[in-house]
Engineer: 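Would you mind keeping the following structure in view while I ask a few things?
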Protein chains: 2
Amino acid sequence: MLTQTAVPAVRSGSFKRPAMQVPPPPRNHELGSPVDLMGAPMSFARNAEIYGESEPAEYLYKVLSGTVRTYKVLTDGRRQVGGFYVAGDIFGLETGAEHTFSAEAITECKVLVIKRSTLMALAERDHEVARALWTITGGELRRSQSHIMLLIKSAQERVASFLLEMATRISAGNAVELPMSRQDIADYLGLTIETVSRTLTILENAATIELSSSRRIVLRNRPALNRLNA
Amino acid sequence: MLTQTAVPAVRSGSFKRPAMQVPPPPRNHELGSPVDLMGAPMSFARNAEIYGESEPAEYLYKVLSGTVRTYKVLTDGRRQVGGFYVAGDIFGLETGAEHTFSAEAITECKVLVIKRSTLMALAERDHEVARALWTITGGELRRSQSHIMLLIKSAQERVASFLLEMATRISAGNAVELPMSRQDIADYLGLTIETVSRTLTILENAATIELSSSRRIVLRNRPALNRLNA
DNA sequence: CGACCATTTGATATGGATCAAGCGATGTGG
DNA sequence: CCACATCGCTTGATCCATATCAAATGGTCG
């Protein structure tokens, strides 16, 4: 694309905090009460590591508030973000002995830390729990598979898919308050930060979205996004 | 807009050939004897569909001989191959109600067809079985996650990773007899058939591999491949 | 106000896609 | 048994989407 009339899209007001700080109603996933009782709540500061790749997977985690990213770094430094987790989501559950990704807090956040061995013991007796564990892993598998489908698409399609995904997970109406940086998005989508930024600008110029601030995006034309979602 | 085949519309009919026909010792995965007894063996011709995406996942499958591919096709025809399954591998196991990918026989093949409900009933009583199911899904999750890591790499890295993966799964020494076409490989790696072909040529010129025939590849320099594997 | 960090924008480079032949095996009908 | 159609693969020429390099802008905080 060429420069497009250099309309410096008016960034409405200076906003302060790209937060996500409103304690969202813990939309319960699988594993309800039993787990909530056996876990210990814990806080992590912005960018704090929750666990590292290939560390023993002694615990699993449930987000209470804030947002978490999982990622893997290749030897040469390229980083791939595996997923974003918000309130209610469970992450860090493994069938193997070690974590396959690392996990970090994107924002200040609170997570419930659950001992795997305890849960496994419980699953031994309670089928519901065993099934819940399997279902969570199955959910991750589906997420991972659609991530693969995402990575074969064009930049515009990836960004559109990302926005729609985020909209279903953390939107208030059509507005999405993104907790993560452009770099996180880029590493999730397998693009560069510049391409993400340019693509958002293109979508804004097409009136498909509105960037009220860099972290706040309003979906103006979902059909257009869905069309891109291929 | 990139890559991918437009749905393999033309099915070159009837053929026996491309290798892998030696009945390989069913290297048992999870789910040993119990399952092997409750499944019904079934044969599929080259390119025959085993199940389609979004069909009810009433059965799961264990490969006895031959090779299977799973794949998904986007609305515009781009195809992504999710994985290849050889003797001993289990595929089609879902936690949800429907298959997320389609499955086809790449070569003539025999698979054990297992009724999910039967297995679920068994899992209800037998913890070992329940755990095996979870472990299989966990294995698929890890495969899927490394597939994501593959898709952010360069063409040479993808091809090298692919060859090494195949070598560990179906090699005799350093020779790999590929059951799948270049198109299948391309759609697995998120590249075009031309790029796969050119990349193999480059690796051959670098004496990293040897193409005794287009389907038979000898790994001549594993360290070099491992280096590319990043 | 000034420093810093995140984001956007601009200019250019490039890896892989696309378009287009060519080539070698394999099977087919004469 | 041979010319010929196919099919799967390779090779070549060119194009283009996204990466890379570089700089400007803007928002935040001390």
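Residue numbers start from 1 in every chain, and the chains themselves are labelled A, B, ... in the order their sequence lines are given, proteins ahead of strands.
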Engineer: Of the candidate nucleotides C:dT7, D:dC9, D:dA22, which contains the atom at the shortest distance from the side chain of A:S197?
Structural biologist: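 Out of C:dT7, D:dC9, D:dA22, the nucleotide with an atom closest to A:S197's side chain is C:dT7.
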Engineer: According to the interplanar angle, ranging from 0 to 90°, do the rings of B:F84 and B:F162 count as parallel (below 30°), tilted (30 to 60°) or perpendicular (above 60°)?
Structural biologist: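 Rings of B:F84 and B:F162: perpendicular, over 60°.
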Engineer: Once you round it to whole Å, what is the distance between C1' of D:dG8 and CD1 of B:I217?
Structural biologist: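 To the nearest whole Å, that distance equals 14 Å.
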Engineer: Mind checking B:S214 for me? I need base, sugar-phosphate or nothing, with any heavy atom below 4.0 Å counting as a touch.
Structural biologist: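 Touches sugar-phosphate only.
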Engineer: Assign B:S181 to base, sugar-phosphate, or nothing according to its heavy-atom contacts below 4.0 angstrom with the strands shown.
Structural biologist: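 Sugar-phosphate only.
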Engineer: Does B:T192 put a side-chain nitrogen or oxygen below 4.0 Å from OP1 or OP2 of C:dA17?
Structural biologist: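 Indeed, a polar side-chain atom of B:T192 lies that close.
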Engineer: I need the CZ-P distance between A:R158 and D:dA17, as an integer number of Å.
Structural biologist: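 Answer to the nearest Å: 14 Å.
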Engineer: Look at the rings of A:Y85 and A:F91 and say which category their plane angle falls in: under 30° parallel, 30 to 60° tilted, over 60° perpendicular.
Structural biologist: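 A:Y85 and A:F91: tilted rings.
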Engineer: Are A:R215 and C:dT7 close enough that a side-chain N or O sits under 4.0 Å from OP1 or OP2?
Structural biologist: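 So the side-chain polar atoms of A:R215 do come within 4.0 Å of the phosphate oxygens OP1 or OP2 of C:dT7, strictly under.
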Engineer: Does A:R198 make a side-chain donor-acceptor contact with the base of D:dT20, cut-off 3.5 Å?
Structural biologist: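 For A:R198, whose side chain was compared with the base of D:dT20, there is a donor-acceptor pair (under 3.5 Å).
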Engineer: Does B:Q183 get its side chain close enough to the base of D:dC7, under 3.5 Å, for a donor-acceptor pair?
Structural biologist: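 Looking at the base of D:dC7, it does not pair with any donor or acceptor on the side chain of B:Q183 (distance under 3.5 Å).
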Engineer: For B:T195 and C:dG16, is the shortest distance between a side-chain N/O and OP1 or OP2 below 4.0 Å?
Structural biologist: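 Looking at the OP1 and OP2 atoms of C:dG16, neither is under 4.0 Å from any side-chain N or O of B:T195.
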Engineer: Salt-bridge test for A:E108 and A:R46: reply yes if a basic N is under 4.0 Å from a carboxylate O, no otherwise.
Structural biologist: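 No, this pair does not count.
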Engineer: Rounded to the nearest Å, what distance is computed from the CZ atom of residue B:R216 to the P atom of nucleotide C:dA25?
Structural biologist: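 Distance check: B:R216 CZ to C:dA25 P gives 16 Å.
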Engineer: Check the distance between D:dT20's C1' and A:D76's CG and give it to me in whole angstrom.
Structural biologist: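 So the CG-C1' distance, A:D76 to D:dT20, works out to 15 Å.
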Engineer: Round to the nearest Å and state the distance from A:L191 atom CG to D:dA19 atom P.
Structural biologist: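 Going from CG in A:L191 over to P in D:dA19 covers 5 Å.
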Engineer: Under 4.0 Å between any heavy atoms, over every strand shown, what does B:S213 touch: base, sugar-phosphate, or nothing? Just pick one.
Structural biologist: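 Result for B:S213 = nothing.
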Engineer: What is the distance from CG of A:L211 to P of D:dT25, rounded to the nearest Å?
Structural biologist: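 The distance from CG of A:L211 to P of D:dT25 comes to 19 Å, rounded to the nearest Å.
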Engineer: Does a salt bridge link B:R182 with B:D187, judged by any charged N lying under 4.0 Å from a carboxylate O?
Structural biologist: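 Not counted as a salt bridge, because no side-chain N and carboxylate O are separated by less than 4.0 Å.
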Engineer: Round to a whole Å and report the spacing from CG of A:L178 to P of C:dA6.
Structural biologist: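 From A:L178 CG to C:dA6 P: 16 Å.
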Engineer: Are B:E165 and B:R169 within salt-bridge range, i.e. N to O under 4.0 Å?
Structural biologist: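 Answer for the salt bridge query: yes.
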Engineer: In this structure, how many angstroms lie between the C1' atom of D:dC9 and the CD1 atom of B:I209, rounded?
Structural biologist: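 After rounding, the reported distance stands at 14 Å.
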